[in-house]
Structure formats: C-alpha cells, structure tokens
Amino acid sequence: MRTAILGPAQRAEALARMAERELDILVVGAGVVGAGTALDAATRGLSTGLVEARDWASGTSSRSSKLIHGGLRYLEMLDFALVREALKERGLLLERLAPHLVKPVPFLYPLQHKGWERWYAGSGVALYDAMSVSSGHGRGLPVHRHLSHKRALQVAPCLKKGALVGALQYYDAQMDDARYVATMVRTAAAYGAQVANRARVVGFLREGERVVGVRVEDVEGGDDYEIRAQQIVNATGVWTDDTQALIGERGQFHVRASKGIHLVVPKDRIHSTSGLILRTEKSVLFVIPWGRHWIVGTTDTDWDLDKAHPAASSADIDYLLEHVNEVLATPLTRDDVEGVYAGLRPLLAGESDATSKLSREHTVAHPVPGLVVVAGGKYTTYRVMAKDAVDEAVHGLDQRVAECVTEDVPLVGAEGYRALWNARARIAARTGLHVARIEHLLNRYGSLTEELLELVVADPSLGEPLAHADDYLRAEAVYACTHEGARHLDDVLTRRTRISIETFDRGTRSAREVAELIAPALGWDSDQIEKEIAHYQKRVEAERESQRQPDDLTADAARLGAPDIVPL
C-alpha cells in the first residue's frame with residue numbers, strides 16, 4: 001500500500017477531483033467518526049470524499065481525555081453491551097489496528113471505605129477484565145490487582161494518607177487523539193479517498209426531495225466547488241443540527257453539547273507511577289499520565305455558546321483543582337497549570353421519551369434520500385459508528401458493496417512498528433539521534449518514522465529539537481505540513497504537536513521558529529509569517545483571558561476576541 005502524502009498540492013488536487021465526477025460517498029466532518037467513515041467506505045472499494053471545515057480533529061476529537069477505554073463507570077449503570085463493545089475495540093486498537101499510537105495505561109482507584117467498597121469495586125473491575133478477555137482482544141493488558149494502604153501509597157506517594165484505606169489498580173489505554181485522527185485520514189487517503197481540510201460545506205444540492213451533493217467553499221483559496229455524491233454522510237458531531245439546518249430538515253434527534261475541560265500539569269507536581277481515577281459527587285475525575293505531564297479532567301456541563309472554541313472559565317479550573325486536591329498531599333495551584341483545554345461531547349437528545357435516553361449511545365438515521373446522519377457515541381467506538389453509517393449509506397447505492405473490513409485494516413505506521421521498535425537502538429546509531437528521540441518518533445508515527453528521518457538526512461538541522469519545546473524535533477513541524485495536511489501555525493502547535501498545552505507559555509515562544517520552519521512548505525512570504533504569529537499570540541491571549549472569567553458567558557465572550565483562522 002502506498003503512503004498518502006497530504007501536502008498543499010495534494011489538497012488542491014483532491015478538491016478538483018471531488019468536483020469532477022460523482023462520488024459514491026462524501027463524508028462531511030473529519031473528526032474521529034468522519035475520518036473513520038471515510039476509511040470504512042474507501043476500504044469497501046467505494047469512491048469516497050472527505051471534507052472538513054477547519055482542520056482534522058479540530059473540534060471534539062482533539063480535546064478529549066485521550067483515553068481508549070471500555071467505560072468502567074457504565075458497568076455501574078448496567079450498560080453491559082456498551083462496555084463489551086468498547087472493550088473489544090480497545091483490544092483491536094492495542095493489538096492490531098494502531099499499536100504505535102494506542103498504549104496501555106495503569107489507573108489507581110483509591111478505596112475510602114473498609115470491607116464493602118473493596119468487594120463492590122473489586123467485583124466491577126474483575127467483571128471489566130473478564131469482559132475484556134472474553135472479547136478475544138484483551139489479553140495484552142495486565143489484570144487488576146488489590147493493593148493495601150501501604151502498597152497504594154508506594155505506587156502513588158502523592159496521595160494523602162487519610163484519603164484512602166487501600167486501592168485497586170487496573171489498566172485501560174490512551175492515545176494522542178488529534179494524531180490518531182490525522183493518521184486515520186492519511187490511511188483513508190492511502191486507500192483512495194479524496195480528502196480536504198479547510199473546505200466548508202455551505203449548502204446542499206437537491207433534486208426534488210433527494211440530496212445529491214454539497215456546495216463547498218475553499219476557506220484557503222476562496223473558490224467554490226459543487227461536489228456530487230450518491231450518498232452524503234453528516235458526521236459533524238456537535239455541529240450536526242447546524243449541518244442539518246442547511247437542508248431545512250428537522251432531524252429525528254438533536255445533538256446537545258456537554259463541555260468538558262482538562263488541565264495539564266508537569267509530571268513532577270504529582271508523584272505517582274500510576275494514573276488515578278477519583279469519584280466526585282457528579283462523575284469521575286481522571287489524573288492521566290501524558291509524557292512529561294499529567295492531564296487532570298474532566299467536567300461535564302451543558303454548553304450552548306460558541307461551538308468552535310468552547311471556553312474554560314475560572315470556575316471550571318477551580319472545580320478541577322478543588323476536587324483533585326481533596327486527595328493530594330501537596331495541593332496543585334493555578335501556578336502549576338501549564339495548559340487548559342475545553343472540548344464538547346456530542347450527546348443525543350431525542351424528540352420523545354424513546355430517544356431521550358440515548359446519551360452516550362450512538363445512532364444513525366436516513367432523514368431524507370441521499371443523506372445519512374451519524375451522531376453520539378464515544379471515541380473508543382468510532383469504528384463501530386463508522387461501520388453503521390456506511391452500512392446505512394449502502395442501502396442508497398445502486399451496486400453490490402462489500403462488507404466492512406476495518407477490523408483488519410491497520411492504520412498507516414502500524415505495519416512494521418514492532419520490528420522497528422526492536423531495532424530502535426540500531427536506528428539511533430545510524431541516524432545520530434538519541435534512542436529516546438527514536439522512541440518518541442516511533443510512538444507518534446510508527447513505521448512512518450522513516451519519512452521524518454529522510455527529512456533529517458536532507459537537512460540535518462531538522463534533527464535538532466525545537467528551542468522552546470524540546471520534546472519535539474524541528475522535522476516534526478515541517479512534516480506536519482508536507483505530509484499531514486497542516487495549513488496554519490495553529491494546526492502545528494495545537495494538533496500535530498501538543499505544544500499549546502504542554503508549555504507554560506502555551507507555545508508563544510515556539511511560534512516564530514515553527515512559522516519560519518513551515519513557511520517554505522506552505523509558500524508563505526514574510527508578511528504571512530507575521531500574520532500567523534500574531535494570530536496565534538492573539539488566540540493564546542484570548543484563551544488566557546477566558547480562563548480568568550467567572551462563568552461561561554463571560555469566558556465565551558473573551559475567547560471570541562481572537563479570529564478563527566488567518567486568510568492567506
């Protein structure tokens with residue numbers, strides 16, 4: 001299989017090709033579900049297009065808790081089918097589909113009551129492990145274990161001695177959500193899908209009651225395209241209702257947005273060799289290992305303001321700090337917070353009692369001929385959602401279509417990853433890079449690491465780390481634009497890397513170096529470089545200002561102080 005390159009030339013070519021002839025399926029929205037749907041359709045042999053108004057995963061799919069998990073708390077709700085499905089998907093991702101991107105992560109669950117709680121929680125975690133193994137894809141993770149009070153504090157010395165009487169430790173998995181989606185888009189393109197970001201759907205084409213295509217605005221160049229397809233799949237997440245409104249059709253369900261925020265703090269602020277899962281009065285709180293950092297989250301509040309840039313308020317930040325500090329011996333303060341990000345969960349709200357309970361379930365509908373809508377669900381089960389969406393769309397195609405095969409289609413970078421991991425010391429010796437750098441690259445790009453190393457061979461300066469974000473090599477910024485579809489400085493600092501949440505300066509000190517690195521690949525002149533830097537700095541300041549505001553309304557107003565993108 002060839003490796004798809006998603007540079008500026010390939011984007012322009014993809015838009016032109018999509019407008020040339022009718023596609024079998026066009027997917028609108030390139031979050032995890034939209035990207036998964038495009039991959040599913042392309043691997044069934046269907047001519048497939050994918051358009052995204054902003055950047056890959058720029059909405060919900062880059063702002064999650066970054067977990068691939070079965071949903072342990074759904075066992076308590078007796079939702080066994082959802083947990084079983086998610087655990088199977090977790091195993092597939094770990095073992096077969098994306099071992100370079102999805103990694104095991106341990107969690108410690110502190111027990112606060114003697115006797116009954118260990119039995120109650122232990123039974124739930126034991127069932128979780130048993131369901132994982134029974135799925136046929138769960139043998140790669142260690143099983144849970146019971147810890148005494150003393151042993152739990154050895155694993156997590158950060159905890160107050162009085163905050164627990166013992167603990168359980170179990171395993172789930174995690175990934176970089178935005179990187180996962182970008183990799184999936186490249187995989188879909190490698191199987192023949194035409195893909196374009198910064199391509200906004202502004203209207204639908206109809207023949208009578210049938211939807212036959214879309215009008216797309218090239219946000220970068222200003223051109224308009226008419227793209228026709230036998231079936232359109234609306235996979236726009238929290239924008240589902242907005243997209244449906246473009247055709248003037250009332251859906252069978254609505255999607256409401258629930259805001260979740262996360263804090264990022266340095267690794268040395270919380271002394272633990274395991275992640276933590278804590279109960280709050282409303283939900284659960286995760287403390288998740290993230291490289292040289294921890295992610296603390298999340299909240300769960302209704303949001304009906306700007307969907308593109310949900311804002312974290314001062315009250316949100318205080319909520320997380322207050323609850324995590326209930327168990328930490330050394331409390332976190334505002335000064336410990338490197339980054340803050342907010343995302344919106346797409347939750348289904350039905351028109352009747354029968355559909356009002358859907359919540360984290362997903363659903364697929366065919367509201368008018370030619371249009372399929374997929375919404376709800378959770379990141380871990382994106383592949384199932386994509387399969388269901390394409391299965392529904394196939395009913396409207398005048399051809400025999402193969403069954404879903406994505407259970408056996410690894411993402412690009414997966415094939416050969418384990419062999420290269422075993423050879424990482426030899427690769428380090430060959431390239432002159434430290435073995436830790438090679439490990440970093442392999443766990444972000446898998447076997448595609450060789451493409452980055454070719455950039456370093458051509459220009460050895462790209463093998464140096466970024467001056468103010470030294471977890472990342474300069475080559476990674478360039479590669480983001482030449483191979484992964486990044487179009488703007490914000491795309492690189494926020495999604496291709498996570499510099500915007502992993503440094504106290506939120507990426508402002510890296511902005512100029514990165515902008516000058518990527519300028520040749522994107523054809524920028526000096527004026528455009530300055531525009532990109534200024535835009536990024538305004539975005540960061542608007543986010544900082546929003547996080548000083550007392551509530552959602554004032555935080556949203558402050559965040560809207562920065563424009564969305566920089567026109568070329």
Student: Look at the aromatic rings of Tyr382 and Tyr379 and report parallel, tilted or perpendicular, splitting at 30° and 60°.
Tutor: perpendicular
Student: Is Thr243 reaching over with its side chain to a backbone N or O of Trp239, donor-acceptor style, under 3.5 angstrom?
Tutor: yes
Student: Taking Thr298 for its side chain and Ile261 for its backbone only, find out whether a donor-acceptor pair lies under 3.5 Å.
Tutor: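 Here the side-chain-to-backbone pair exists.
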Student: Identify the two heavy atoms, one from Val83 and one from Gly71, that lie closest to each other, and give their separation to 0.1 Å.
Tutor: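 The pair with the smallest heavy-atom distance is CG2-O, 3.6 Å.
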Student: What I want to find out is whether Asp491 reaches Arg496 closely enough, with some N-O distance under 4.0 Å, to be called a salt bridge.
Tutor: no
Student: Is the count of non-hydrogen atoms from other residues, nucleotides or ligands lying under 6.0 Å from Trp119 atom CH2 greater than 12?
Tutor: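 It does not: Trp119 CH2 has 12 such atoms or fewer within range.
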Student: If you round to the nearest 0.5 Å, how far is CE of Met184 from CG of Leu411?
Tutor: 6.5 Å
Student: Could you tell me which non-hydrogen atom of Ser500 sits nearest to which non-hydrogen atom of Tyr536, and how far apart they are?
Tutor: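 Heavy atoms of Ser500 and Tyr536 come nearest at CB-OH, 3.2 Å.
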Student: Applying the side chain to side chain donor-acceptor pair (under 3.5 Å) criterion to Arg559, which one of Gln549, Gln547, His309, Glu545 satisfies it?
Tutor: His309
Student: Please check if the side chain of Ser61 supplies one atom and the backbone of Val32 the other of a donor-acceptor pair under 3.5 Å.
Tutor: yes
Student: With no hydrogens and no angle check, is any side-chain donor or acceptor of Glu85 less than 3.5 Å from a backbone partner on Leu82?
Tutor: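 Checking the backbone N and O of Leu82 against the side chain of Glu85, no donor-acceptor pair under 3.5 Å is found.
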Student: So, do Trp290 and Arg498 sit near enough that their side-chain heavy atoms are less than 4.5 Å apart?
Tutor: yes
Student: I need the minimum non-hydrogen distance between Pro465 and Asp470, along with the two atoms involved.
Tutor: CB-O, 3.7 Å
Student: At what distance, to the nearest 0.5 angstrom, does CG of Leu92 lie from CZ of Arg383?
Tutor: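 These two atoms lie 6.0 Å from each other.
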Student: Report yes if some heavy atom in the side chain of Leu285 is under 4.5 Å from a heavy atom in the side chain of Arg279; otherwise report no.
Tutor: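 Not touching, per the 4.5 Å side-chain cut-off.
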Student: Using the side chain to side chain contact (heavy atoms under 4.5 Å, CB included) rule, take Asp242 and Thr236 through it: C-alpha gap first, then chi angles, then the decisive distance, then the call.
Tutor: CA-CA 9 Å; Asp242 304 73; Thr236 51; over 6 Å; no
Student: Is there side-chain contact between Leu489 and His535, with heavy atoms separated by less than 4.5 Å?
Tutor: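 Leu489 does not reach His535 side chain to side chain.
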Student: Determine, for Arg487 against Asp55, whether the closest basic-nitrogen to carboxylate-oxygen distance falls under 4.0 angstrom.
Tutor: no
Student: Any heavy-atom pair between the side chains of Thr299 and Leu320 that's under 4.5 Å?
Tutor: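 When only atoms from C-beta onward are counted, Thr299 and Leu320 do touch, with a gap below 4.5 Å.
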Student: What is the minimum heavy-atom distance between Tyr171 and Pro104, and which atoms define it?
Tutor: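 Nearest heavy atoms, Tyr171 then Pro104: CD2-CB, 4.3 Å.
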Student: Quick check: closest heavy atoms across Ile277 and Phe286, and the distance to 0.1 Å?
Tutor: CD1-CE2, 3.6 Å
Student: Say you draw a straight line from OH of Tyr445 to CZ of Arg186; how long is it, rounded to the nearest 0.5 Å?
Tutor: 10.0 Å
Student: Please check if the side chain of Glu52 supplies one atom and the backbone of Ala199 the other of a donor-acceptor pair under 3.5 Å.
Tutor: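 No.
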Student: Are the side chains of Val264 and Val337 in contact, using a 4.5 Å heavy-atom criterion?
Tutor: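 Val337 vs Val264: side chains apart.
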Student: Within a strict 4.5 Å, meaning less than it, do heavy atoms of the Ile68 and Gln174 side chains meet?
Tutor: no
Student: Charged N to carboxylate O under 4.0 angstrom, Glu532 versus Arg512?
Tutor: no
Student: Looking at Arg256 and Asp302, is there a salt bridge between them, counting it only when a charged N and a carboxylate O are closer than 4.0 Å?
Tutor: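 The answer is yes: the pair qualifies as a salt bridge.
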Student: Have Arg118 and His146 got a donor and an acceptor in their side chains that come within less than 3.5 Å?
Tutor: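 Distance-only check passes for Arg118 and His146.
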Student: Identify the heavy atoms of His323 and Tyr319 that sit nearest to each other, and give their distance.
Tutor: ND1-O, 2.9 Å
Student: Donor-acceptor pair, distance only, cut-off 3.5 Å: does the side chain of Asn325 make one with the backbone of Leu332?
Tutor: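 Yes, because the side chain of Asn325 sits within donor-acceptor range (under 3.5 Å) of the backbone of Leu332.
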Student: Would you tell me whether Gln528 and His488 have side-chain atoms, one donor and one acceptor, within less than 3.5 Å of each other?
Tutor: no
Student: Counting the benzene-type ring for Trp, do His144 and Tyr109 have ring centres under 6.0 Å apart?
Tutor: no
Student: Taking His440 for its side chain and Ala436 for its backbone only, find out whether a donor-acceptor pair lies under 3.5 Å.
Tutor: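 No; judged by distance alone, with no hydrogens or angles, the pair does not exist.
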Student: Evaluate the side chain to side chain contact (heavy atoms under 4.5 Å, CB included) criterion for residues Val327 and Leu164: first the C-alpha distance (whole Å), next the side-chain angles of each, then the deciding distance (0.1 Å), finally the verdict.
Tutor: CA-CA 8 Å; Val327 300; Leu164 70 165; over 6 Å; no
Student: Decide yes or no on side chain to side chain contact (heavy atoms under 4.5 Å, CB included) for Val125 and Leu72, but give the supporting numbers first.
Tutor: CA-CA 7 Å; Val125 176; Leu72 185 59; 4.1 Å; yes
Student: Is NZ or CZ of Lys259 both nearer than 6.0 Å to the six-membered ring centre of Tyr341 and within 45° of the ring axis?
Tutor: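 Checked: cation-pi criterion not met.
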Student: Could you check if a side-chain atom of Leu153 sits within less than 4.5 angstrom of a side-chain atom of Lys161, using non-hydrogen atoms only?
Tutor: yes
Student: Salt bridge or not for Glu338 and Arg506, using N-O below 4.0 Å?
Tutor: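 Salt bridge: no.
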Student: Does this structure show an ion pair linking Asp318 with Arg334, if we count only N-O contacts that are shorter than 4.0 Å?
Tutor: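 Yes, charged N to carboxylate O under 4.0 Å.
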Student: Step through the shown structure and confirm whether more than 12 heavy atoms of other residues, nucleotides or ligands are within 6.0 Å of NZ on Lys267.
Tutor: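 It does: Lys267 NZ has more than 12 such atoms within range.
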Student: Would you call Leu344 and Pro310 a side-chain contact if the rule is heavy atoms closer than 4.5 Å?
Tutor: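 Yes. Closest side-chain heavy atoms under 4.5 Å.
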Student: I'd like to know if Glu326 pairs up with Lys160 as an ion pair, taking the criterion as any Lys NZ or Arg NE/NH1/NH2 lying under 4.0 Å from an Asp or Glu carboxylate oxygen.
Tutor: no
Student: Using a strict 4.0 Å threshold on nitrogen-to-oxygen distance, state whether Asp268 and Arg292 make a salt bridge.
Tutor: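 No, Asp268 and Arg292 are not salt-bridged.
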Student: Looking at Thr503, Leu493, Leu517, Thr497, which one forms a side-chain contact (heavy atoms from CB on, under 4.5 Å) with Leu466?
Tutor: Leu517
Student: Working to the nearest 0.5 Å, report the span between CZ of Arg145 and CG of Leu168.
Tutor: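 The CG atom of Leu168 is 11.0 Å from CZ of Arg145, to the nearest 0.5 Å.
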Student: Is a donor on one side and an acceptor on the other found under 3.5 Å between the side chain of Asp551 and the backbone of Ala315?
Tutor: no
Student: Taking 4.0 angstrom as the limit, do Arg495 and Asp176 come out as a salt bridge?
Tutor: no
Student: Say whether, by atom type as modelled, one donor and one acceptor occur between the side chain of Ser132 and the main chain of Tyr128 under 3.5 angstrom.
Tutor: no
Student: Ignoring hydrogens and angles, tell me if any N or O in the side chain of Asp556 forms a donor-acceptor pair with the backbone of Ala558 under 3.5 Å.
Tutor: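 A pair under 3.5 Å: no.
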Student: Would you check, one step at a time, whether the test side chain to side chain contact (heavy atoms under 4.5 Å, CB included) holds for Arg444 with His100?
Tutor: CA-CA 7 Å; Arg444 284 171 53 75; His100 55 315; over 6 Å; no
Student: Return the CG to NE2 distance between Asp316 and His262, rounded to the nearest 0.5 Å.
Tutor: 11.5 Å
Student: Which is it for Glu541 and Arg548 under the salt bridge (charged side-chain N to carboxylate O under 4.0 Å, His left out) test, yes or no, and what are the steps along the way?
Tutor: CA-CA 11 Å; Glu541 183 47 45; Arg548 290 190 281 264; 3.0 Å; yes
Student: First locate atom SG of Cys158, then atom CG of Leu108, and finally report the distance between them rounded to the nearest 0.5 Å.
Tutor: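 Taking SG in Cys158 and CG in Leu108, the distance rounds to 8.5 Å.
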